[in-house]
Every structure is written in C-alpha cells, then in structure tokens.
Amino acid sequence: MLRIHFTAEDFGRVRFAPRPAPLQELHAALTTAVAPRRPAPPLFGRWRGRVLRALPAAAGALADLVPAGRPPSFLDVLGDSLADGFERIRSTAPEVVRSELERVYGAAPAPRWIAGLHAGEETSWQTVRKAQRAAYETVLAPVWARVQDLHREEFARHALAVAEHGVAAALTALVPGTRLHEGVWEWPGRPGRDVRLAGRGLVLLPTFHHPAGPLLHDLPDRPVVLTYPADPGHPPVQDAAPPDEPLTPVLGRTRTALLHLLATPHTTTTLARALGVSNATASAHAAALRAAGLLTTTRTGRSVTHERTALGALMTGPAHAER
C-alpha cells in the first residue's frame with residue numbers, strides 16, 4: 001500500500017490548492033485517456049474513445065514524453081494558467097531535465113525532438129508548449145469553467161471538514177478507504193511506496209479526470225503535491241453533447257446532453273454533476289424527456305435511476321453508440 005509519513009510539523013503544513021492547475025489536470029486526463037493501468041468503468045471508456053479521436057496531431061508529442069507510461073517529474077507543476085504552468089516547466093534546471101529523460105527512456109532510443117530537449121534546444125521546448133496547448137484546447141478548455149466550479153466545491157468541503165473534525169479526519173474523508181495511523185496516511189490497494197514528508201508539508205489537489213489516483217509529485221526541498229481523485233466513480237467532466245448534434249435545436253443542448261449520457265443508466269445526482277446543473281434542474285429535464293417517452297425512471301428507496309428508452313436510443317442514432 002501507499003504510505004505517506006507525517007511529522008508533527010507536516011500536519012501544520014497541509015494545505016489545499018486554492019485553484020485547479022490546468023497542466024496538472026491535463027496530465028491527469030491524458031493519463032486516464034492514453035495510458036490506462038486498469039480496466040475503466042464504461043463511462044470512462046466512452047470518454048476515452050472520444051478524447052483519443054479528437055486529439056489533434058500536434059498533441060502527439062506529449063506521448064513521446066511518457067514512454068511506457070513513465071512521465072518525467074518536471075511535467076508535474078502547479079500553475080494558475082497554462083502559460084504559468086509551462087514557464088514553471090521551462091524553468092526546470094537543465095540537469096534535472098536530462099536526468100529525468102534518461103530515467104524514463106533508459107536505453108531505449110528517443111525521438112529526435114526528445115534528444116533536442118535533452119540538449120536544451122529551444123525548438124524542442126516549443127514543441128512541448130504547442131502540444132500542451134493543443135491537448136488543453138481539445139480536452140479541458142470546453143469544460144474548464146465546470147472544473148473550476150467543482151474545485152471550489154471540493155475546497156469548501158475540505159475546509160468545512162477541517163474546521164469541524166480536524167486535519168487528520170479531513171484527510172481520510174477526502175479518500176474513503178484510507179486511514180491515518182500513528183502519523184502515517186495509508187492507502188490500501190495502491191502500489192507499495194513510502195513517501196516521507198519530513199517537514200516539507202503536503203499540497204492537496206483534486207482531479208476530476210483521473211479515477212485511479214493518487215498522482216504524487218515528490219521533489220527534494222519542495223512540498224509534496226498529492227493529486228487525488230474527487231468522486232472517482234463518476235465519469236470525467238465532459239461536454240456531453242457533440243457540437244454537431246442535430247437534436248440540439250429540437251431538444252436544447254442540456255436535454256440532448258442528458259439523453260446522450262443515458263447510454264448507460266444514471267441517477268439524478270450523477271446526471272446533475274455531469275451536466276453541471278443542480279439536482280432540481282436535472283430532475284426537471286429528465287421529467288420532460290420522460291413525458292416525451294425518451295426515458296424511464298425507476299425509484300429504489302431514495303435512489304432514482306433514469307434509463308433511455310428504445311425511442312430515446314433511436315433518436316440519438318446508431319452513429320452515437322460509440323461516442
């Protein structure tokens with residue numbers, strides 16, 4: 001299991017990232033989309049397929065940076081914007097860039113532009129910048145406002161937990177199934193690793209595109225950054241209705257998106273989260289589609305589950321089945 005060791009000083013240096021970091025969230029999303037380590041839930045699988053089909057050729061250079069799924073540590077940075085994040089990457093000491101590229105490639109041959117990055121060539125750094133921009137515009141830009149909203153909700157939830165129950169209880173509440181025992185935060189079911197904070201502190205950063213987690217950024221003399229999955233059972237934040245969807249002028253964008261999401265059953269809560277609306281709004285849209293015969297609703301106790309009818313599936317069309 002993963003074990004994160006705290007000193008008394010570290011408990012006073014736990015902080016929650018005040019804003020999402022675009023590059024960190026992008027790398028989490030690409031890790032999920034390009035290099036899955038385990039079978040993904042169905043909704044993640046469909047999202048992954050859409051992302052891989054949509055990624056432009058310019059983003060392909062990022063795959064060269066993670067051979068065999070091993071990213072160099074200098075890619076993991078916090079930054080309030082894409083430009084800020086890239087400048088932090090660009091400011092990495094040349095010897096760190098070289099050693100990390102050697103670590104991830106080993107004896108394997110590297111593409112020419114990676115060799116240029118190893119040598120510090122500016123054209124190779126521009127390749128990284130262009131690839132990150134292209135990937136961000138495709139994967140995150142359409143949903144970034146929603147990611148920011150979700151981050152604020154997660155920030156508030158954690159702050160309230162700290163105020164009511166203390167830091168230790170708030171940490172384990174972030175990731176159900178973990179526990180804090182004698183100063184060690186234990187994550188069962190994760191690859192065996194011991195991370196010693198040793199007074200550096202811990203920065204908590206939620207991700208909304210990586211269900212497995214956590215992702216750890218552990219560099220000497222810096223706080224350890226832990227990117228953890230917020231609501232890992234939910235699908236990634238996504239723009240559910242494709243921009244060329246012919247149903248949109250008829251049903252409206254939100255109801256069209258809801259109908260696409262119901263390729264698999266959803267509760268009202270998961271619909272609301274995926275659509276970026278309140279539970280009441282999601283329920284109202286579902287009621288309208290149910291009245292039109294496009295979905296059915298089943299109640300089990302307090303849980304309400306919505307499923308697309310045969311007519312609803314027909315209206316989305318066979319071409320959408322793979323979305």
Side-chain angles (χ1 to χ4, degrees), residues 25 28-29 32-33 36 39-55 138-151 153-154 206-212 229-300 302-323:
E25 187 71 8
T32 301
L43 287 172
F44 277 92
R46 276 188 288 278
W47 170 85
R48 178 182 295 149
R50 286 178 60 185
V51 166
L52 293 179
R53 287 193 296 272
L55 278 174
T138 300
V139 179
L140 287 187
V143 298
W144 189 245
R146 181 57 180 153
V147 169
Q148 292 173 309
D149 289 342
L150 290 170
H151 186 97
E153 292 173 11
E154 192 75 2
T207 174
F208 306 95
H209 288 85
H210 187 65
D231 293 328
H234 289 119
V237 181
Q238 55 189 302
D239 194 5
D244 58 348
E245 171 55 65
L247 280 178
T248 299
V250 181
L251 297 178
R253 187 165 185 80
T254 301
R255 290 178 185 174
T256 301
L258 189 154
L259 203 57
H260 277 285
L261 287 168
L262 290 182
T264 56
H266 269 276
T267 66
T268 301
T269 299
T270 59
L271 283 175
R273 186 181 187 279
L275 294 169
V277 299
S278 68
N279 280 16
T281 299
S283 181
H285 285 306
L289 294 174
R290 183 169 60 251
L294 301 180
L295 65 82
T296 61
T297 300
T298 306
R299 179 180 294 276
T300 305
R302 291 188 174 184
S303 177
V304 175
T305 302
H306 308 283
E307 297 185 63
R308 202 163 59 186
T309 63
L311 177 59
L314 181 64
M315 286 188 66
T316 58
H320 295 119
E322 296 180 359
R323 289 189 191 269

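Computation of the quantities below employed the complete heavy-atom set of this structure, encompassing side-chain atoms and omitting hydrogens, waters and symmetry-equivalent molecules. Sequential numbering from 1 along the given sequence is applied to the chain's residues.
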Heavy-atom side-chain contact between [X] and [Y] under 4.5 Å:
X: Thr256; Y: Val250; result: no
X: Leu261; Y: His306; result: no
X: Thr298; Y: Val304; result: no
X: Val51; Y: Thr138; result: no
X: Leu259; Y: Leu251; result: yes
X: Thr300; Y: Thr305; result: no
X: His151; Y: Pro206; result: yes
X: Met315; Y: Leu294; result: yes

Donor-acceptor pair, side chain of [X] and main chain of [Y], under 3.5 angstrom:
X: Thr32; Y: His209; answer: yes
X: Arg308; Y: Thr264; answer: no
X: Thr309; Y: Gly293; answer: yes

Problem - Heavy-atom pair of closest approach, residues Ala282 and Leu258 - result: O-CD1, 4.0 Å

Completion exercise
Note: Leu311 and Ala292 closest approach over all heavy atoms is CD2-O, 4.1 Å

What is the distance from atom [atom1] of [X] to atom [atom2] of [Y], rounded to the nearest 0.5 Å?
X: Phe208; Y: Glu153; atom1: CZ; atom2: CD; answer: 8.0 Å
X: Leu289; Y: Leu262; atom1: CG; atom2: CG; answer: 8.0 Å
X: Leu271; Y: Thr281; atom1: CG; atom2: OG1; answer: 12.0 Å
X: Leu295; Y: Glu307; atom1: CG; atom2: CD; answer: 9.5 Å

